[in-house]
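Worksheet: one structure, shown below.
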Number of protein chains: 2
Amino acid sequence: MNLKHSKQRDCIMEFLSTRKDHPTADTVYMNVRQTFPNISLGTVYRNLTLLADIGEIARIRVGDGVDHFDADTSPHYHFICKECGSVIDLDMEDMAYINETAGKHFDGCIEGHFTYFYGKCGNCFTKS
Amino acid sequence: MNLKHSKQRDCIMEFLSTRKDHPTADTVYMNVRQTFPNISLGTVYRNLTLLADIGEIARIRVGDGVDHFDADTSPHYHFICKECGSVIDLDMEDMAYINETAGKHFDGCIEGHFTYFYGKCGNCFTKS
DNA sequence: ACTAATATCAGTAATAGTTACTAGTTTTAA
DNA sequence: TTAAAACTAGTAACTATTACTGATATTAGT
């Protein structure tokens, strides 16, 4: 896969870098349109997929049926607010050790885990 | 929500109880059609959603873009095989304590977590 | 710089999974 | 027995995503 430079892709990447809230493809689309009014949603999807494939960004699936994207590819856990749906980074150590807990009575090979936490974010918690 | 009895729902529930492999709505549909050849896919979805809402079954989202369903509603973790995609129950203790680990530097309220493990299942592991 | 190869684009159509609508059928409480 | 309401099959609609198409932009080699 021989990459060529693309202004649209740069713009998508740059936008994602400014955000810590793990936007969806649609949010990226809305924002990138301020720079490229004619950009296609397909282009956004194609580039997000491409960037995720080459490891520049991370695709995050939190079970809400929509893919979220994160320019921070360092391993970290996420929190999803049940009220407002926002996806927030958690500051906590890696839990690789739970893979061994899981593997104790399992005959296959456990390579890793996906974990996300849910509840109420700071904002929604103080409101209620 | 006042429930009425329904043969179709019974059949769906009964089929799910016989399976430990967390079928998708489509798999349920295919199998229930052997008893109700004219059952509608919509009916299957509606009843799976209803049963999940009242807590009779669990809806499992493992990030493959398809909802899986489980008649075993006791809390337990799942393993997803990267090769064959099968969803397998894990025999391991609950890890409620990781909620506190996650909450240490977080200002909201952590109520729970979703975790699933991935790798190669026993079958696919011995094959390779 | 020029050109050819090809990655990329915008626009649109197609797909998959799921939910919503509709008119007719079952279930069940009175 | 009956009538309200939950349920059904069939179908249309919806959402998120991917695939297709002909035109455009990028880039390596001259």
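Below, chain A is the first sequence line, B the second, and so on; all start at residue 1.
Residue B:Arg9 contributes atom CZ, which lies 6 Å from atom P of D:dT8 at whole-angstrom precision. C:dG17 atom P lies 11 Å from atom CG of B:Asp67, rounded to whole Å. Between B:Lys7 atom NZ and D:dA6 atom C1' there is a gap of 15 Å when expressed in whole angstrom units. For the pair B:Asp26 CG and C:dT19 C1', the computed distance is 15 Å after rounding to whole Å. Rounded to whole Å, the distance from CD on A:Gln8 to C1' on D:dT24 is 10 Å. B:His5 places its NE2 atom 7 Å from the P atom of C:dT28, with the value rounded to the nearest Å. If you measure from atom CE of B:Met30 to atom C1' of C:dG17, you get 13 Å, rounded to the nearest angstrom. One interatomic measurement links the two molecules: OH of B:Tyr29 to P of C:dA16, which rounds to 15 Å at whole-angstrom precision.
Inspection of the A:Thr27 and A:Arg19 side chains reveals no N or O donor paired with an N or O acceptor under 3.5 Å. Side-chain contact check for B:Thr24 and B:Asp26: no donor-acceptor pair (N or O, by modelled atom type) lies under 3.5 Å. A donor-acceptor contact closer than 3.5 angstrom links the side chains of B:His5 and B:Asp10.
Taking every heavy atom of residues 31-49 of chain B and every atom of DNA chain C, pairs under 4.0 Å involve B:Leu41, B:Tyr45, B:Thr49, by number.
For the pair A:Arg33 and A:Tyr29, the cation-pi test (distance below 6.0 Å, angle within 45°) is passed.
Aromatic ring centroids of B:Phe106 and A:Phe79 lie under 6.0 Å apart.
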### Query
After noting the C-alpha distance and the side-chain angles of A:Glu111 and B:Lys82, does the key distance pass the salt bridge (charged side-chain N to carboxylate O under 4.0 Å, His left out) rule?
CA-CA 10 Å; A:Glu111 297 173 6; B:Lys82 275 165 49 177; 2.7 Å; yes

N/O contacts under 3.5 Å, protein versus nucleotides 2-6 of chain C?
from, atom 1, to, atom 2, distance (Å)
C:dT6, O2, A:Lys4, NZ, 2.5

